[in-house]
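Notes follow once the structure below has been shown.
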Amino acid sequence: MKRVAYILFLSCLFGVTTVTAQEMTREERIKALERLQAEDIEWEKNTLNVMSQSVPEEIETMTLPPLSVFLDAVVENATVKRAQSEIEEAKNDLSLQKRDWWNLIRINGSYSYGKYNMIGNASDEFTPLYHTTMERAQHTYNIGASINIPLGEFTNRSKKLKKYKFNIEQLQYSKEEIMENRRLMVLDAYNTVTQLLTTIEAKAETAALYNAQMKISEYDFIQGKMDIAALSLERSRRSSAVTIYAQARVELHNAIVLLEMLTNVKIINDK
């Protein structure tokens, strides 16, 4: 739209309906080209540079590791680790339940040591009543055991153990489901990156071709072999190709970052 407005501006400036290269002097053509180039510089500064600010220069030449590397890295994901932790917790509960029968046995004991005073009374028909005391040190201890078997606990024990085993199986199935869904996400992200890497080379070549063609068109315009309308059309095509290439680089960068987040596998090297 800016280029169309600029063409209309030139038309009004020179007082003709259509401005051709032959109707403009060389100086006028140079000034018009400088204005268009300044407009492109401003556009690249405000659009392309902002789009490519966080994108590494060498992103389109990166080589991805094999798919198996990313699929194997799924086990390091926090969600998968949490599922594995739940399985280990359930296994530990099962082990505790298997040892629960020890709670049915009670062992008790006590031990003491000290001096004891023993007081006694003695008398007979010829001797009046008298008191006697005796002091001595002695050990005192006892030990015992008891078994308490609740019938309900005894009969339901096997079913309780099966309940714990079924819980472990369900947790394992949940972990496998999480890993499967995660691998599908990784596969989709990997395919997206691969596809973008394949197409970005062609878009880069197209942008480079239009940049080279633009140099030729600008030279032809200065020489009077091309009018301002044709030049503006060429610049519009060049801008479109460069924008598509810049957008493809941003999409590739975002796809790689997503793949890194899903797998914790580093692809872009931070400098």
Rounded at 0.5 Å granularity, tell me how far CG in Asn167 sits from CD in Gln172. 10.0 Å

Just by modelled atom types, is the Leu187 backbone N or O under 3.5 Å from a matching donor or acceptor in the Asn191 side chain? yes

Mind checking salt bridge (charged side-chain N to carboxylate O under 4.0 Å, His left out) for Arg237 and listing every partner two or more places apart, or none if nothing turns up? Glu234

Could you see if Val75 belongs to whatever hydrophobic cluster contains Phe70? Use Ile, Leu, Val, Met, Phe, Trp, Tyr and a side-chain cutoff under 4.5 Å. yes

Taking all non-hydrogen atoms of both residues, which atom of Leu262 and which atom of Val186 are closest, and how far apart? CB-CG2, 4.0 Å

Check whether any side-chain N or O of Asp188 sits under 3.5 Å from a backbone N or O of Leu184 as a donor-acceptor pair, and report yes or no. no

When clusters are formed by joining ILVMFWY residues with side-chain heavy atoms under 4.5 Å apart, either directly or through shared neighbours, do Leu197 and Leu258 land in the same one? yes

State which residue, out of Leu94, Ile87, Asp93, fulfils the side chain to side chain contact (heavy atoms under 4.5 Å, CB included) condition with Lys91. Ile87

Would you give the length of the straight line joining atom NE2 of His253 to atom CD1 of Ile267, rounded to the nearest 0.5 angstrom? 10.5 Å

At what distance, to the nearest 0.5 angstrom, does CZ of Arg235 lie from OG of Ser240? 14.0 Å

If you measure from CZ on Arg238 to OG1 on Thr206, what distance do you get to the nearest 0.5 Å? 13.5 Å

Could you grab the distance from atom CG of Leu71 to atom OH of Tyr190, nearest 0.5 Å is fine? 9.0 Å

Working to the nearest 0.5 angstrom, can you tell me the gap between Ile200 CD1 and Ile244 CD1? 12.0 Å

Verify side-chain contact (heavy atoms from CB on, under 4.5 Å) between Tyr210 and Val242, making sure each step is shown before the conclusion. CA-CA 8 Å; Tyr210 273 104; Val242 172; 5.9 Å; no

Could you go through Val193 and Leu64, starting from their C-alpha distance and side-chain angles, then the distance that decides it, and tell me whether this counts as side-chain contact (heavy atoms from CB on, under 4.5 Å)? CA-CA 9 Å; Val193 173; Leu64 281 180; 3.3 Å; yes

Determine the sole option in Gln84, Glu180, Glu86 for which the side-chain hydrogen bond (donor to acceptor under 3.5 Å, both in side chains) test with Lys175 is passed. Gln84

Is Leu161 reachable from Phe166 through a run of hydrophobic residues whose side-chain heavy atoms are each under 4.5 Å from the next? no

Has Glu88 got more than 12 heavy atoms of other residues, nucleotides or ligands less than 6.0 Å from its CD? yes

What I'd like to find out is whether the side chain of Leu259 reaches to under 4.5 Å of the side chain of Val265, using heavy atoms alone. no

Are there more than 12 heavy atoms of other residues, nucleotides or ligands under 6.0 Å from atom CD of Gln213? yes

Residues Ile168 and Ala90: closest non-hydrogen pair is CG1-CB, 3.6 Å

Ala255 versus Leu196, closest heavy-atom pair with distance: CB-CD1, 4.0 Å

Do you know which two heavy atoms are closest between Asn77 and Thr79, and how far apart they sit? OD1-N, 2.9 Å

